[in-house]
Amino acid sequence: TLDISKDILKQGFEPNSFDMVFGLNVVHATSNVVETFHNLQQLLKPAGFLGMIESVRQERWVDLVAGLAEGWWYFNDQYRSNSPL
């Protein structure tokens with residue numbers, strides 16, 4: 001299991017060891033997107049591919065439904081203030 005919000009080396013993953021990394025609505029669920037992208041970049045080989053599908057528009061109904069999930073409100077970076085999206 002990989003926690004993309006934490007240092008990959010401390011989790012036992014080798015840097016530059018993946019050709020491709022795919023994610024579906026996972027990056028916004030981390031506390032700091034800049035650190036998360038750094039962690040993902042460390043995983044990829046120099047010509048590696050990062051494929052992502054992310055929700056980016058804040059909608060009240062999404063906060064109401066997903067806001068009950070653990071971690072939804074953990075964001076703590078300079079780019080987001082009201083919602084993880």
Side-chain angles (χ1 to χ4, degrees):
T1 302
L2 169 65
D3 184 340
I4 60 172
S5 66
K6 296 182 180 165
D7 187 306
I8 63 153
L9 299 176
K10 292 180 181 177
Q11 297 180 71
F13 289 90
E14 293 292 323
N16 305 320
S17 58
F18 286 83
D19 293 312
M20 294 180 270
V21 173
F22 292 97
L24 172 61
N25 281 329
V26 294
V27 172
H28 75 263
T30 62
S31 63
N32 188 308
V33 292
V34 174
E35 290 177 10
T36 298
F37 278 118
H38 175 74
N39 294 337
L40 292 171
Q41 183 180 21
Q42 284 186 315
L43 284 173
L44 289 170
K45 291 181 178 180
F49 176 80
L50 174 62
M52 293 179 20
I53 297 175
E54 283 288 327
S55 298
V56 294
R57 184 182 318 148
Q58 182 182 4
E59 297 185 48
R60 289 184 179 172
W61 74 268
V62 174
D63 282 342
L64 178 64
V65 175
L68 299 174
E70 182 179 353
W72 183 256
W73 303 105
Y74 287 174
F75 63 92
N76 187 23
D77 56 43
Q78 66 187 26
Y79 303 103
R80 303 173 289 173
S81 59
N82 298 347
S83 170
L85 302 178

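Here, residue 1 is the first one in the sequence, and each next residue gets the next number.
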So, Asn25 versus Ser55: side-chain donor-acceptor pair below 3.5 Å or not?
yes
Is it true that Val27 and Phe18 fall in one hydrophobic cluster, defined by side-chain heavy atoms closer than 4.5 Å?
yes
Heavy-atom closest pair, residues Asn82 and Phe75
C-CZ, 3.7 Å
Calculate, to the nearest 0.5 Å, the distance between atoms OH and CG belonging to Tyr74 and Asn32 respectively.
16.0 Å
I'd like to check the salt bridge (Lys or Arg N to Asp or Glu O under 4.0 Å) partners of Asp7; sequence neighbours left out, ordered by chain and number.
none
After noting the C-alpha distance and the side-chain angles of Trp73 and Asp63, does the key distance pass the side chain to side chain contact (heavy atoms under 4.5 Å, CB included) rule?
CA-CA 9 Å; Trp73 303 105; Asp63 282 342; 3.9 Å; yes
Between Val33 and Met52, is there shared hydrophobic-cluster membership here, with clusters defined by ILVMFWY side-chain heavy atoms closer than 4.5 Å?
yes
So how far is it from Gln41 CD to Asn16 CG, rounded to the nearest 0.5 Å?
9.0 Å
Heavy-atom pair of closest approach, residues Asp3 and Ser5:
OD1-OG, 2.5 Å
Within the side chain of Glu54, is there an N or O that forms a donor-acceptor pair under 3.5 Å with the backbone of Val26?
yes
Greater than 12 external heavy atoms within 6.0 Å of Gln11's CD
yes
For the backbone of Ile8 and the side chain of Gln42, can you confirm whether one donor and one acceptor N or O come within less than 3.5 Å of each other?
no
Do Val65 and Val62 share a hydrophobic cluster, counting only Ile, Leu, Val, Met, Phe, Trp and Tyr and linking them when any side-chain heavy atoms are less than 4.5 Å apart?
yes
Aromatic plane relationship, Trp72 with His28 - under 30° parallel, 30 to 60° tilted, over 60° perpendicular:
perpendicular
For the side chain of Asn39 and the backbone of Lys6, is there at least one donor-acceptor N/O pair under 3.5 Å apart?
yes
Determine the minimum heavy-atom distance between Pro15 and Leu9, stating which atoms define it.
CD-CD2, 3.4 Å
Is it the case that more than 12 heavy atoms not belonging to Tyr79 sit under 6.0 Å from its OH atom?
no
Single-linkage hydrophobic cluster Val34~Leu43, side-chain heavy atoms < 4.5 angstrom:
yes
Consider only side-chain heavy atoms of I, L, V, M, F, W and Y, link residues closer than 4.5 Å, and tell whether Leu2 and Leu50 are in one cluster.
yes
